[in-house]
Amino acid sequence: MSANSSQPTAARRMTLMSNAPRFALGQMVATPGALALLEQTGFSALALISRHVHGDWGDCCAEDKATNELSVQQGMRVMSVYRLVDAERLLQTPQDKRSSLPTIWIITEANRSVTTLLLPEDY
């Protein structure tokens, strides 16, 4: 008899994971400033888009992450914030100073027609 067989069926839990995108991206576009920053920092646009479409919202506050979760379910606009620095530097930077770090926003429109990579100042 296995260790799990003694537990009631309802008490056992299973986590299902998927590589499927959580929402449609539509046409993908980027502003010239975003492209220049990606080239300057060596970060991959494809890697950031993959994080975005799989629900890794980057350096968003808890409230914005919750809003994104609701937006995915209800078909509203989804926005991610990525600081283009290594993980150690990000962790060492106080939350209230992170806006000074090189930043890319990714926004997927509510109708899922377009996903845009842009700098905050491009908004």
Calculate, to the nearest 0.5 Å, the distance between atoms [atom1] and [atom2] belonging to [X] and [Y] respectively.
| X | Y | atom1 | atom2 | answer |
| --- | --- | --- | --- | --- |
| T31 | E121 | OG1 | CD | 8.5 Å |
| T103 | R83 | OG1 | CZ | 4.0 Å |
| M76 | R112 | CE | CZ | 9.0 Å |

Q: Spell out, as yes or no, whether a donor-acceptor pair under 3.5 Å connects the side chain of S71 to the backbone of R77.
A: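 Yes; judged by distance alone, with no hydrogens or angles, the pair exists.
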Q | Side-chain donor/acceptor of H54 to backbone N/O of N19, under 3.5 Å | A |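 Side chain of H54 to backbone of N19: a pair is present.
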Tell me, do [X] and [Y] make a side-chain contact under 4.5 Å, heavy atoms counted?
| X | Y | answer |
| --- | --- | --- |
| V114 | T116 | yes |
| I107 | Y123 | yes |
| D64 | C61 | yes |

Q) Could you give all pairs that pass the salt bridge (Lys or Arg N to Asp or Glu O under 4.0 Å) test and reach residues 85-99, with sequence neighbours left out? A)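 As it turns out, the salt bridge (Lys or Arg N to Asp or Glu O under 4.0 Å) pairs with a partner in residues 85-99, which skip direct neighbours, are D59-R98.
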Q. Are Q27 and E109 close enough, and set up right, to give a side chain to side chain contact (heavy atoms under 4.5 Å, CB included), and what steps lead you there?
A. CA-CA 10 Å; Q27 180 182 9; E109 297 302 329; over 6 Å; no
Q: For D56, check side chain to side chain donor-acceptor pair (under 3.5 Å) against everything at least two apart and list the hits.
A: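 Here the qualifying residues are R51.
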What closest approach, in Å, do [X] and [Y] show between heavy atoms, and which atom pair accounts for it?
| X | Y | answer |
| --- | --- | --- |
| C60 | S80 | SG-CA, 4.3 Å |
| P102 | T41 | CB-CG2, 4.5 Å |
| G55 | E69 | O-OE2, 4.4 Å |

(Q) Who clusters with L38? Use side-chain heavy atoms, under 4.5 angstrom, across I, L, V, M, F, W and Y, and order the result by chain and number. (A)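 Reading the cluster by chain and number, L38 sits alongside F23, L25, M28, L37, F43, L48, I49, V53, W57, V72, V78, Y82, L84, I104, I106, L117, L119.
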**Q.** Donor-acceptor pair between H52 and T108 side chains, under 3.5 angstrom
**A.**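 A donor-acceptor contact under 3.5 Å links the two side chains.
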